[in-house]
Amino acid sequence: MHRIIAPFTLFLLFVSFLHPFTVDALDFPSVGFPRLANLYLKSPLTDEEIDRVADWDTVVLAMSVQDTNPEAFARIREKNPDVIILAYVITHSFPWFWLPYIESEDGPWHQIQDHMGDEWWALEDDGDHVVFWPGQYTIDPTNYASKIDGERWNTYLPRFLEEEVMSTGYWDGIFFDNIWETASWVNDGNFDFDRDGKIDDAAEIDRAWKEGMTIILRESRERLGDDAILISNGGNGYMDYLNGRMFESFPNIWEGEWKGSMPNYFDLSKNAQEHQLIIVNGDTLNTGDYTDWQDMRFALTSTLLDDGFFSYDWGTEDHTQFWWYDEYDAALGKPINTARNVLTNSATVQAGVWRRDFEKGVVFVNSTSSSQKVVLEGGFERVNGVQDRSVNSGELTTSVTIPANDGIILLRRLSVLYDTPFVNGTFANVVNRWGSEIRQGFYAYTPFAEGGRLTEITDLEGNSSREILMSAGNRIQIKNENGTLRKEFYPYGNVFTGNVLFDAGDLDGDGHQEIVTGTGQRGGTQVRIFNADGTLKNAGFFAYAKQIRTGVRIAVGDVNGDGKDEIVTGPGEGGGPHIRVFDGNGKPVVLGFFAYDPRIRIGVNMAVGDVDHDGQAEIVTGAGPGGGPHVRIFNRFGTLENPGFFAYDKSSRRGMRVAIQDVDDDGFEEILTFDGSIEF
C-alpha cells in the first residue's frame with residue numbers, strides 16, 4: 001500500500017488490480033522489462049555496429065543489410081539469442097536517391113528497381129512524381145495502378161517479401177513504414193491516381209489508399225504466415241493483419257500528445273494479433289539532444305505502463321543511434337499488475353500519477369502539469385546511475401517527488417540470494433569487480449532456513465523449482481522451496497562432530513546439480529560429492545594432505561568454459577591461502593596458486609563467476625578470519641586479473657567471505673562481500 005500526498009491523500013490496495021495476462025502479453029517471456037528496441041537504419045554496417053545492435057531486444061534493420069552484411073544476423077543472434085530482427089520496408093516509396101550507397105546491384109532494392117515501371121509511380125495532376133520524403137519517389141499502392149507482368153504494386157510487394165526477403169531465413173518479420181489510413185493530407189492532396197490530369201477527390205484518395213494498403217498487409221500475412229511478426233509505424237485500423245505498431249515521436253502531436261497516445265497504446269495491446277510487438281519510440285524531435293533525461297524518462301516510463309518495447313533516438317530524420325541510458329539496466333522482472341492512475345484508482349487515461357508494479361521494482365509516471373509527491377509503502381532504491389544523479393542516485397528512499405511530465409523507475413530492495421552459498425541473515429554488500437557499490441547492501445535472508453546457517457537456494461534437479469540446502473552442524477538438510485524438509489544426510493557420517501560446508505553445481509553437464517561438500521574447522525580436507533537427492537555419487541578426494549586439519553572450503557563453477565563446473569578449494573584457518581581446482585572426478589585441473597602471502601595461515605574463502613563479463617568465470621577470493629578485507633580476482637591459472645579492492649576498512653582483521661551472483665537479473669554478475677568473522 002502507498003500514499004500520495006500534496007495536493008491530496010489517498011490509500012490504495014494494489015492487489016485488487018492484478019494483471020489479467022493474456023497469451024499476447026507473455027508472448028516474449030524471455031525478454032525482461034524494460035523491453036528495448038532500436039531502429040538502426042544504416043547500411044552497410046560496420047563490425048562494431050553489428051555487435052552494438054545486439055544489445056537491444058528488438059532491432060529494425062534496413063532490408064538491404066541482407067545484401068551488405070549477411071553475416072550480421074548470425075553474429076547478432078549469437079550474442080543475443082532472444083533478439084527479434086525485423087526488416088525495414090518503405091511500403092510505398094522507392095529510395096531512388098540513396099540506392100547506390102546502401103547495397104550492391106544484386107541487393108533487394110535493385111531487384112525491385114529492375115521490376116519497376118512507370119505504371120507504378122504515384123503522379124501529381126501535372127504528371128510529376130509525388131515526393132513525400134526527400135530522395136524518394138512515391139509508389140502508387142492503389143488498384144488504379146496498371147499491372148506489370150500481371151501484378152500491381154500492392155500484390156507484388158508481398159510476393160517479393162516472401163520470396164526474396166523472408167526466404168533468406170535472416171528475419172523474424174517485417175517493419176512496414178508509413179502505413180497510413182488516409183493520404184489526402186500528403187503532398188497537399190495532389191494525387192492523380194486515375195491519371196486523367198486532375199487532382200482526385202480527397203474522399204476517393206483516402207478510400208483507394210486504404211484499400212491498397214489493406215491488400216498489401218492482407219497478402220503479406222497470407223504469404224508470410226502467422227509466425228512472421230508484422231508491424232507498422234501507424235494504422236491502428238490494420239490490426240487484423242499486424243502484430244502491433246510503432247508509436248513514432250512519442251508522445252506526438254498528431255495523436256493528441258500523451259493523453260491521446262496512451263489510450264491508443266493501451267487499446268492496441270488488447271486488439272493486435274498474437275506474438276504482439278508494440279514499439280514506443282521517443283526521440284529528440286531531430287535536435288540530437290540525447291541528454292534531455294526527463295524527456296527520455298517520460299517516454300520510457302510511459303512505455304512501461306504496458307508491455308511495449310521502448311526506443312529513443314534522434315527523430316524522424318535519423319534512426320542511427322546507440323544511446324544507452326541508466327534506466328535500461330534496471331532489470332524489473334515481470335509485471336505483476338496493470339497500470340492505474342493512483343489519483344482516481346482508475347485505468348481511464350487522464351492526467352494523473354500512474355503506477356505499475358514489477359517483480360523487482362515499480363514505475364511511476366506523472367502526466368499532470370505540476371509536481372507530485374509519492375510516499376511509498378516501503379523502502380525502495382533509486383537506480384544507481386551516472387547520467388542524472390539528481391534522480392538516479394542509488395539511494396534508499398521512502399518517497400519521491402516527480403516533476404510534471406516525468407517518470408521514475410525504483411527498485412525493490414534485495415533480500416535473498418540464489419545459486420550461491422550464504423550465511424542466512426548476514427549483511428551483504430553488492431559491488432562490481434572494482435569494488436564500487438552498485439546496489440544498496442541488504443540482509444541476505446530466507447525464513448525457511450535457520451539464522452546463522454550456511455544456506456543455498458538453487459534448482460538442484462533442473463525442473464525450474466528451487467530447493468533449499470542448509471548446513472545444520474554435521475548434516476545437510478534438503479528442503480522444498482516452501483521450507484518443508486525433503487531429506488537430510490550426513491556427508492561424513494554421524495560420528496563426525498564438526499560442521500559441513502557445501503556448494504552446488506553441475507559437475508558432469510547433465511543438467512542436474514551435484515552437492516559438493518567440505519568440512520569446517522579442525523576437519524580433514526576430504527571433498528565428497530552427492531547427487532541432488534543426497535545420495536553419495538563420488539567418495540571424493542583429499543584436496544590437500546590427509547593429515548591437515550584445517551577443514552576445506554568449497555566453491556563450484558565453470559572456470560574453463562567446458563560446460564561443466566569445476567571444484568575450487570581452499571584451506572580453512574591454520575592453512576595457507578592455497579587455491580586448487582579439480583574436475584568432477586577429483587583430478588587437478590591446474591597446479592594451484594596462493595591468493596595471498598603463503599606465509600599467512602588464515603585460510604581463504606572463494607567464489608566463482610564471470611565478474612568481468614568476458615564469458616570466462618573468475619575465482620574471487622577473500623581472506624579468512626584474521627585477514628584484511630582484501631578481495632582479489634584470478635583466472636583459473638592463478639593469474640591476477642584484477643588487483644582487487646578493500647571491501648571495508650583496511651585495518652579490519654575480520655576476514656572476508658565472498659559470493660558471486662547476478663542479483664538483479666540484468667545479465668551481469670556482481671560480487672557480494674560479507675563479514676568473514678563467522679567461522680564454520
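The analysis underlying the following values was restricted to heavy atoms, covering all of them including side chains, and did not include hydrogens, waters or symmetry mates. The model shown is predicted, which means the values in this text are computed figures rather than measured ones.
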**Student:** Tell me whether Arg636 forms a cation-pi arrangement with Phe634, defined as NZ or CZ under 6.0 Å from the six-membered ring centre and within 45 degrees of its axis.
**Tutor:** no
**Student:** Which residue pairs satisfy the salt bridge (charged side-chain N to carboxylate O under 4.0 Å, His left out) criterion with at least one member in residues 309-332, sequence neighbours excluded?
**Tutor:** none
**Student:** Would Trp153 and His115 satisfy ring-ring contact (aromatic ring centres under 6.0 Å, His included), going step by step from the backbone distance to the final call?
**Tutor:** CA-CA 10 Å; Trp153 172 254; His115 194 81; 9.3 Å; no
**Student:** Less than 3.5 Å apart, any donor N or O on the side chain of Trp258 or Ser302 sitting next to an acceptor on the other?
**Tutor:** yes
**Student:** Go through the steps to decide whether Val391 and Ile408 satisfy the test side chain to side chain contact (heavy atoms under 4.5 Å, CB included), and finish with yes or no.
**Tutor:** CA-CA 8 Å; Val391 174; Ile408 192 169; 3.9 Å; yes
**Student:** Which of these, Ile179, Leu217, Asn178, Asn154, sits in a side-chain contact (heavy atoms from CB on, under 4.5 Å) with Thr91?
**Tutor:** Ile179
**Student:** Quick check: do Val165 and Phe160 have side-chain heavy atoms less than 4.5 Å from each other?
**Tutor:** yes
**Student:** Identify the heavy atoms of Ala330 and Leu411 that sit nearest to each other, and give their distance.
**Tutor:** CB-CD2, 4.1 Å
**Student:** For Pro251 and Phe298, which heavy atoms make the closest approach, and how far apart are they?
**Tutor:** CG-CE2, 4.3 Å
**Student:** Do Asp67 and Ser104 get their side chains close enough for a donor-acceptor pair, meaning under 3.5 Å?
**Tutor:** yes
**Student:** Should we say atom CD of Glu78 is surrounded by more than 12 heavy atoms from elsewhere, each under 6.0 Å from it?
**Tutor:** no
**Student:** Using 4.0 Å as the upper bound for N to carboxylate O, is an ion pair formed by Asp357 and Lys334?
**Tutor:** no
**Student:** If I compare all heavy atoms of Gly117 with all of Ile148, which pair ends up nearest, and what's the gap?
**Tutor:** N-CD1, 3.4 Å
**Student:** Is the backbone of Asp506 close enough, under 3.5 Å, to the side chain of Lys564 for a donor and an acceptor to pair up by distance?
**Tutor:** no
**Student:** Please check if the side chain of Tyr328 supplies one atom and the backbone of Trp56 the other of a donor-acceptor pair under 3.5 Å.
**Tutor:** no
**Student:** Taking atom types as modelled and ignoring hydrogens, do the side chains of Glu49 and Tyr40 form a donor-acceptor contact shorter than 3.5 angstrom?
**Tutor:** yes
**Student:** Tell me whether Glu162 contacts the main-chain N or O of Leu224 through its side chain, where contact means a donor paired with an acceptor under 3.5 Å.
**Tutor:** no
**Student:** Is there a side chain to side chain contact (heavy atoms under 4.5 Å, CB included) between Phe247 and Thr303? Walk through the geometry before answering.
**Tutor:** CA-CA 10 Å; Phe247 289 83; Thr303 305; over 6 Å; no
**Student:** Establish, from distance only, whether the side-chain atoms of Gln66 and Trp171 form a donor-acceptor pair under 3.5 Å.
**Tutor:** yes
**Student:** Measuring from atom OG of Ser64 to atom CH2 of Trp109, what distance do you get when rounded to the nearest 0.5 angstrom?
**Tutor:** 9.0 Å
**Student:** Against Asp289, only a single residue in Asn286, Thr287, Thr291 fulfils side-chain hydrogen bond (donor to acceptor under 3.5 Å, both in side chains); can you say which?
**Tutor:** Thr291
**Student:** Counting only N and O atoms by type, is there a donor-acceptor contact under 3.5 Å from the side chain of Asn392 to the main-chain atoms of Asn384?
**Tutor:** no
**Student:** Take a 6.0 Å sphere around NZ of Lys79 and say whether it holds more than 12 heavy atoms from other residues, nucleotides or ligands.
**Tutor:** yes
**Student:** Please confirm whether Tyr290 and Trp314 have ring centers closer than 6.0 angstrom.
**Tutor:** no
**Student:** Are any non-hydrogen side-chain atoms of Phe94 and Trp121 less than 4.5 angstrom apart?
**Tutor:** yes
**Student:** Start with the C-alpha distance between Arg35 and Asp57, add both sets of side-chain angles, then the distance that settles salt bridge (charged side-chain N to carboxylate O under 4.0 Å, His left out), and finish with yes or no.
**Tutor:** CA-CA 6 Å; Arg35 295 170 161 181; Asp57 303 307; over 6 Å; no
**Student:** What residue pairs, at least two apart or across chains, pass salt bridge (charged side-chain N to carboxylate O under 4.0 Å, His left out) with a residue in residues 167-180?
**Tutor:** Arg77-Asp172
**Student:** If you round to the nearest 0.5 Å, how far is CD1 of Ile253 from OG of Ser261?
**Tutor:** 10.5 Å
**Student:** When you check the side-chain N and O atoms of Arg75 and Asn80, is any donor under 3.5 Å from an acceptor?
**Tutor:** no
**Student:** Does the side chain of Gln111 pick up a donor-acceptor pair with the side chain of Glu164 at under 3.5 Å?
**Tutor:** yes
**Student:** Any donor and acceptor pair, going by atom type alone, linking the side chain of Glu618 with main-chain N or O of Val611 inside 3.5 Å?
**Tutor:** yes
**Student:** Scan Val590, Val556, Asn560 and name whichever one has a side-chain contact (heavy atoms from CB on, under 4.5 Å) with Glu566.
**Tutor:** Asn560
**Student:** Determine, stepwise, if the pair Glu381 / Arg439 fulfils salt bridge (charged side-chain N to carboxylate O under 4.0 Å, His left out).
**Tutor:** CA-CA 8 Å; Glu381 292 180 41; Arg439 289 291 301 268; 2.8 Å; yes
**Student:** What is the distance from atom CD1 of Ile216 to atom OH of Tyr156, rounded to the nearest 0.5 Å?
**Tutor:** 12.5 Å
**Student:** Does the side chain of Glu248 come under 3.5 Å of the side chain of Asn233 through a donor N or O and an acceptor N or O?
**Tutor:** yes
**Student:** Hey, are Asn264 and Glu255 close enough side-chain-wise for a donor-acceptor pair under 3.5 Å?
**Tutor:** yes
**Student:** Is the backbone N or O of Asn405 less than 3.5 Å from a side-chain atom of Gln294, with the two atoms forming a donor-acceptor pair by type?
**Tutor:** yes
**Student:** Can you measure from CZ (Phe309) to CG (Asn281) and round to the nearest 0.5 angstrom?
**Tutor:** 14.5 Å
**Student:** Let's go through Ile102 and Thr68 carefully: what are the C-alpha distance in whole Å and the side-chain angles of both, what is the deciding distance for side chain to side chain contact (heavy atoms under 4.5 Å, CB included) to 0.1 Å, and is it a yes or a no?
**Tutor:** CA-CA 8 Å; Ile102 64 171; Thr68 60; 5.9 Å; no
**Student:** Counting distance only, does the side-chain N/O of Glu669 pair as donor-acceptor with the main-chain N or O of Asp610 below 3.5 Å?
**Tutor:** yes
**Student:** I need the full list of salt bridge (charged side-chain N to carboxylate O under 4.0 Å, His left out) pairs touching residues 105-122, with sequence neighbours left out, sorted by first then second residue.
**Tutor:** none
**Student:** Provide the closest heavy-atom pair for Asp558 versus Gly563 in the form atom of the first, atom of the second, distance.
**Tutor:** OD2-N, 2.9 Å
**Student:** Checking Arg218 side chain against Tyr241 main chain: does a donor-acceptor pair fall under 3.5 Å?
**Tutor:** no
**Student:** Sub-3.5 Å donor-acceptor pair from the side chain of Asp306 to the main-chain atoms of Gly308, do we have one?
**Tutor:** no
**Student:** Under a 3.5 Å cutoff, is there a donor and acceptor pairing between the side chains of Asp419 and Thr458?
**Tutor:** yes
**Student:** With rounding to the nearest 0.5 angstrom, report the CH2 to CG distance, Trp120 to Leu157.
**Tutor:** 9.0 Å
**Student:** Just so I know, are the side chains of Ile174 and Met166 near enough to count as touching, which here means a heavy-atom distance under 4.5 Å?
**Tutor:** yes
**Student:** Nearest heavy-atom pair of Met213 and His92: which atoms, and what distance?
**Tutor:** CE-CD2, 3.2 Å
**Student:** One pair to check against side chain to side chain contact (heavy atoms under 4.5 Å, CB included): Val620 and Val608. What are the steps and the verdict?
**Tutor:** CA-CA 6 Å; Val620 178; Val608 179; over 6 Å; no
**Student:** Hey, what do you get for CG (Leu300) to CH2 (Trp293), rounding to the nearest 0.5 Å?
**Tutor:** 13.0 Å
**Student:** Examine distances only and state if a side-chain atom of Ser232 and a backbone atom of Arg245 form a donor-acceptor pair shorter than 3.5 Å.
**Tutor:** no
**Student:** Could you pull out the closest heavy-atom pair between Tyr325 and Tyr312, with the gap in Å?
**Tutor:** OH-CD2, 3.3 Å
